[in-house]
Amino acid sequence: MGHDAFAHRGLGSAALMIIGALHARPAQTVAELVGSSSVSRATIYRTLRRLADHGLVHHNGETWALAPRALEGFGDHPPEAVVEEIAEPARGWEAVATQHGTAGVATRRKTVHAAERAAYQKALERLSEHRSKAVVLVRDGRQVVVPAPRPDEVPTAWHAPDGCVLDPVTGRAAPDWRIATDGRLILITPADQRSYDELAAAHAEARSEWESAA
């Protein structure tokens, strides 16, 4: 699948499935390939034609089989083939990718993904710089974190239309709060990337430690 020949606008992933099925069990009919390759009948017909154009598969009556070096991307003319049926047999997967205009797709995709990961990491680093400090108290020489209000403990009187939450001081919608589809209130801040369950577990632990210290 790493070959550019199997990219979206090349042979496609269906070709790889059919090649694998014919490699595992040669001489299959289209009906048999539907089950062995998990590819739809219409896609099999279309893909077999594309593979046959490169001389990668041959058919004998209703059964299809791979060319001798098809797994290496090399096609050939079967003895009984009409010359016009195959313009030019494939000469390796790179040549197939070049013919379909997909050469270099994998490299470009990896480059884009690497840039996206780097940008995402930088964004996380910027957010961590603005993370608010926790409120703590000192008890018996050790620091105890004071738990922040749990999202689903916000009074219903602070609920506003469209899933917003009213600020009890200003009476206006607080931009950092939303009501989830299950009715629970979720604190949304760029500084915290934890899930609701992680927030709830952290709150329960902090609440227990806080009450014990208090």
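The analysis underlying the following values was restricted to heavy atoms, covering all of them including side chains, and did not include hydrogens, waters or symmetry mates.
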With no hydrogens and no angle check, is any side-chain donor or acceptor of Gln28 less than 3.5 Å from a backbone partner on Ala21?
yes
Can you name the nearest heavy-atom pair linking Ala67 to His58, along with the distance?
CB-CE1, 3.8 Å
Are Leu48 and Tyr45 in one and the same hydrophobic cluster, where Ile, Leu, Val, Met, Phe, Trp and Tyr link if side-chain heavy atoms are under 4.5 Å apart?
yes
With rounding to the nearest 0.5 angstrom, report the CZ to CD1 distance, Arg49 to Ile44.
15.5 Å
Side-chain heavy-atom pair Pro26, Leu66 within 4.5 angstrom cut-off:
no
Looking at Ala90 and Val96, what are the two nearest heavy atoms and their distance?
CB-CG2, 3.6 Å
Shortest non-hydrogen pair, Ala52 vs Trp64, comes out as CB-CZ3, 4.2 Å
Note, Val34 side chain near Ser40 side chain (heavy atom, < 4.5 Å)
no
Going from CD on Glu94 to NE2 on His3, what distance comes out if it is rounded to the nearest 0.5 angstrom?
8.5 Å
So, does Thr102 use its side chain to make a donor-acceptor pair with the main chain of Val105 at under 3.5 Å?
no
Gap between atom CZ of Arg69 and atom CG of Leu56 - 0.5 Å precision
11.5 Å
Does the side chain of Phe6 reach to within under 4.5 Å of the side chain of Ile19, using non-hydrogen atoms?
yes
Beyond-backbone contact of Asp4 with Trp93, side-chain heavy atoms, under 4.5 angstrom
no
Over all atoms of both residues, closest heavy-atom pair of Ala14 and Thr47:
CB-OG1, 3.8 Å
Distance-only, no hydrogens or angles: does the Glu32 side chain make a donor-acceptor pair with backbone N or O of Thr29 under 3.5 Å?
yes
Nearest heavy-atom pair of Gly75 and Arg91: which atoms, and what distance?
O-NH1, 3.4 Å
Measuring from atom NE2 of His59 to atom CG of Leu51, what distance do you get when rounded to the nearest 0.5 angstrom?
12.5 Å
Does His54 use its side chain to pair, donor to acceptor, with the backbone of Gly73 at less than 3.5 Å?
no
Walk me through it: do Leu33 and Val39 pass the test side-chain contact (heavy atoms from CB on, under 4.5 Å)?
CA-CA 8 Å; Leu33 281 170; Val39 177; over 6 Å; no
Could you check whether any side-chain heavy atom of Thr43 comes within less than 4.5 Å of a side-chain heavy atom of Arg46, counting everything from C-beta outward?
yes
Any Arg108 side-chain heavy atom under 4.5 Å of Val112 side chain:
no
Treat each ILVMFWY residue as a node, draw an edge where side-chain heavy atoms are under 4.5 Å apart, and state whether Met17 and Leu11 are in one component.
yes
Shortest non-hydrogen pair, Arg50 vs Gly10, comes out as CD-O, 3.9 Å
Flag yes if more than 12 heavy atoms outside Glu62 fall under 6.0 Å of its CD atom; otherwise flag no.
no
